[in-house]
Structure formats: structure tokens, C-alpha cells
Amino acid sequence: MFARVLTLFSRHCLFIVIVLMLITPTAGATDKIIRLTSGEFAPLMSVKIKHRGLISHIVEEAAALSGYRVHYGFFPWKRAYVMAKSGYWDGSVAWGYTEEREEYFAYSAPIFPEHVYLYHRKHYAFDWQEEADLEGIKLGVNRGYLDEYMLQQMQKRGLQINYQATTTELQNFRALIGGRVDIVISNRLIAERILRKHFDEQARGNIVRHSRPFRVTSLHVLISREIEQTDEYISAFNQGLERLHQSGRYDELITDFENGAYD
């Protein structure tokens with residue numbers, strides 16, 4: 001009698017286990033986590049805004065379509081880069097291409113096009129057609145950005161480039177309005193947001209964006225070559241990003257951004 005009861009109990013437990021497995025078929029997939037560093041670049045990337053910004057949201061949804069969750073760590077940009085380069089974190093988001101970076105990282109497919117311009121005070125006489133036009137001008141740039149790297153390359157080519165690097169875009173625009181720099185190099189979306197949020201109408205009216213871009217760059221997820229899953233993670237992002245485009249969801253996120261959903 002006892003043996004029969006035990007057998008029935010065992011069958012009952014087995015039935016419960018099977019049911020639980022059937023109703024939670026994707027539980028294992030949610031345990032796959034990719035750890036990415038990032039930095040403040042609002043409204044594209046920021047710990048302070050919805051979905052941690054547009055780019056962060058795109059990366060998160062692309063990863064999810066391949067069965068991964070993204071865990072973000074926000075740091076000053078230089079530290080974010082170093083920690084991903086060493087493999088202490090799996091990778092970083094989002095960066096433009098350089099040969100130096102490719103030595104340490106694998107690049108995802110492009111996730112977002114970045115448009116960067118030169119900003120100056122309204123009555124400052126300035127035109128920008130070639131690199132030599134930047135000689136003798138005091139430039140403001142963010143430390144660790146691709147723009148600083150490009151200025152450093154100009155210096156190596158013998159151009160007299162003078163710049164100051166800061167940790168935030170806001171510092172650069174305050175320096176521009178205060179006359180401490182002549183030109184600020186900034187992403188158009190970032191610049192418009194900063195000027196709208198932090199400066200009055202009179203100050204905004206004194207800032208002009210030159211019509212010629214300083215650069216137009218595709219931004220990517222970088223995955224460290226120091227980890228074992230480099231190719232796996234890049235493949236996951238690329239496949240998820242392709243599905244995001246094919247479904248129309250990518251365009252939907254861009255439209256939401258343009259309508260102020262991340263402000």
C-alpha cells in the first residue's frame with residue numbers, strides 16, 4: 001500500500017515538473033546576458049532617461065530578438081572603453097570605427113548614423129571646407145570621443161590643431177558661450193537638446209551650426225576580443241538587428257525618438 005502511494009506521489013510530482021517546463025519554455029534564454037559599458041550621451045545613451053536612450057534601446061531590442069538580455073554599466077567614456085577592451089566587461093556601445101579599436105574589438109553591423117557638426121558664436125568669422133581651416137582655432141571636444149581621435153590624427157599630420165577636451169557636452173557649450181573656445185564639435189541631436197534644456201533664448205540665438213558636417217559616422221556595438229564569446233555575441237547582435245529592420249520596429253523606434261519619446 002505504501003509503495004503504491006509513493007508511486008502515485010512520484011507520478012504527480014513528475015506531472016507538475018513537466019507542466020512547469022511546458023509553460024516556461026524560454027526561461028533558459030533569459031539567463032543569457034551580455035554586459036556592455038556605455039556613457040552619458042543623452043538622448044541617445046543615458047542612465048537618466050527612458051530605455052537609457054535611443055541607441056541603448058535599439059541594442060537591447062536587437063539582443064532580445066536573438067535571446068539575450070543586455071546589462072549596461074554607465075561610466076566616463078574613457079573608462080567605459082578600457083574596461084571593455086580588457087574583457088572585464090563583454091563590450092561597449094556605441095563607437096565609430098578606427099583601425100586601433102579593431103585591434104581590440106569586433107564590430108557589429110551599424111546600429112545608428114551619427115551626424116557631427118561644428119558650432120560657433122554667431123558673429124565669429126569662420127568657414128569650414130578642409131582640415132587646414134581648423135588651424136589656429138581653439139576647439140572644444142569631448143574626451144575619448146572619435147572627434148578627439150580625429151584631431152589627434154590631424155596633429156600627427158603636422159596641422160596646428162589646438163583643442164581642449166572635457167567630460168561633458170554641456171561643459172563645451174558653456175565654454176563656447178563664455179568665449180573660452182571658438183568652436184565646439186558636437187553631435188547635432190545632442191547639441192540641440194543641450195541648448196534647448198540649459199540655455200535661454202538669447203544664448204541659443206548666439207550659437208550657429210556650420211552647414212558642413214565635421215563627420216557622418218556609423219556607430220556600432222563593440223565586443224572585446226579578450227572574451228570567448230566574441231563571435232557569438234556579434235552574430236547575435238547582427239541577426240537581431242536585421243530582424244529589427246525587417247519587422248519595421250527599427251523605424252518605429254526612430255519615429256518615437258523624433259516625436260520626443262526619449263526626452
Side-chain angles (χ1 to χ4, degrees), residues 26 28-114 116 142-149 167-169 187 189-190 217-245 249-250 253-254 256-257 261-262:
T26 60
T30 61
D31 292 333
K32 296 192 292 185
I33 297 173
I34 304 176
R35 301 171 68 249
L36 299 176
T37 65
S38 191
E40 285 298 317
F41 199 48
L44 298 179
M45 292 173 281
S46 175
V47 73
K48 303 171 185 176
I49 60 180
K50 186 178 179 181
H51 297 299
R52 290 175 288 273
L54 172 64
I55 290 178
S56 305
H57 198 188
I58 289 171
V59 170
E60 200 167 23
E61 291 212 2
L65 289 172
S66 291
Y68 292 82
R69 286 193 294 125
V70 176
H71 175 69
Y72 286 110
F74 279 79
F75 307 96
W77 280 106
K78 196 164 187 177
R79 191 187 309 168
Y81 179 83
V82 170
M83 289 196 296
K85 175 182 170 183
S86 68
Y88 185 75
W89 285 68
D90 297 324
S92 190
V93 60
W95 301 82
Y97 174 83
T98 69
E99 290 183 1
E100 178 188 354
R101 290 174 187 164
E102 191 175 32
E103 182 179 348
Y104 304 106
F105 295 95
Y107 279 73
S108 74
I111 55 174
F112 191 80
E114 184 185 21
V116 173
N142 265 48
R143 185 174 293 111
Y145 281 18
L146 179 59
D147 311 304
E148 182 182 23
Y149 172 82
T167 56
T168 70
E169 305 269 0
N187 176 289
L189 297 173
I190 309 299
T217 307
S218 294
L219 297 180
H220 306 258
V221 176
L222 271 57
I223 299 296
S224 174
R225 296 193 187 277
E226 294 295 322
I227 66 172
E228 294 180 0
Q229 305 93 334
T230 305
D231 293 340
E232 174 191 340
Y233 289 169
I234 287 294
S235 177
F237 275 119
N238 288 348
Q239 290 175 20
L241 188 63
E242 185 176 358
R243 291 174 64 186
L244 205 64
H245 280 288
R249 176 61 174 160
Y250 184 95
L253 293 174
I254 298 298
D256 287 346
F257 175 82
Y262 295 84

Item to check | Criterion side-chain contact (heavy atoms from CB on, under 4.5 Å) on Leu244 and Ile58, from CA distance to verdict | outcome: CA-CA 8 Å; Leu244 205 64; Ile58 289 171; 4.1 Å; yes
Item to check | Side-chain donor-acceptor pair present, Glu102, Tyr97, cut-off under 3.5 Å | outcome: yes
Any chance you could measure [X], atom [atom1], to [Y], atom [atom2], to the nearest 0.5 Å?
X	Y	atom1	atom2	value
Tyr81	Leu222	OH	CG	7.5 Å
Arg52	Leu36	CZ	CG	10.5 Å
Asp147	Thr217	CG	OG1	7.5 Å
Leu189	Leu44	CG	CG	5.5 Å
Leu65	Phe237	CG	CZ	11.5 Å
Leu241	Glu61	CG	CD	11.0 Å

Next on the checklist: Working note: Lys32 + Tyr233, criterion side-chain contact (heavy atoms from CB on, under 4.5 Å); need CA distance, chi angles, decisive distance, verdict.
Outcome noted: CA-CA 10 Å; Lys32 296 192 292 185; Tyr233 289 169; over 6 Å; no
Next on the checklist: Tyr250: which residues meet the ring-ring contact (aromatic ring centres under 6.0 Å, His included) condition with it, sequence neighbours left out?
Outcome noted: His245
Side-chain ([X]) to main-chain ([Y]) donor-acceptor, under 3.5 angstrom:
X	Y	result
Ser46	Gly53	no
Ser86	Met83	yes
Trp77	Glu40	yes
Arg249	Arg243	no
His220	Ser108	yes
Thr37	Gly73	no
Arg101	Gly96	yes

Checklist entry - Would Phe257 and His57 count as a side-chain contact (heavy atoms from CB on, under 4.5 Å) if you check the C-alpha gap in whole Å, the side-chain angles of each, and the deciding distance to 0.1 Å? => result CA-CA 11 Å; Phe257 175 82; His57 198 188; over 6 Å; no
Checklist entry - Does CZ in Arg225 sit with more than 12 non-hydrogen atoms of other residues, nucleotides or ligands closer than 6.0 Å? => result yes
Checklist entry - Can you check whether Glu232 reaches Tyr68 side chain to side chain, under 4.5 Å on heavy atoms? => result yes
Checklist entry - Under 6.0 Å between ring centres, would you say that holds for Phe41 and Tyr145? => result yes
Checklist entry - Would the Trp95 and Phe105 ring centres measure less than 6.0 Å apart? => result no
Residue pair [X] / [Y]: nearest heavy atoms and the distance that separates them:
X	Y	answer
Ala106	Ile234	O-CD1, 3.6 Å
Tyr72	Glu60	OH-N, 3.9 Å
Ile223	Ile227	CG2-CD1, 3.8 Å
Pro110	Ser218	CB-CB, 3.8 Å
Ser56	His51	CB-O, 3.6 Å
Ala109	Asn238	N-OD1, 2.7 Å

Checklist entry - In terms of ring plane angle, is the pair His71 and Trp89 parallel, tilted or perpendicular, where the classes change at 30° and 60°? => result parallel
Checklist entry - Can you list the steps and then say if Val93 with Val70 is a side-chain contact (heavy atoms from CB on, under 4.5 Å)? => result CA-CA 11 Å; Val93 60; Val70 176; over 6 Å; no
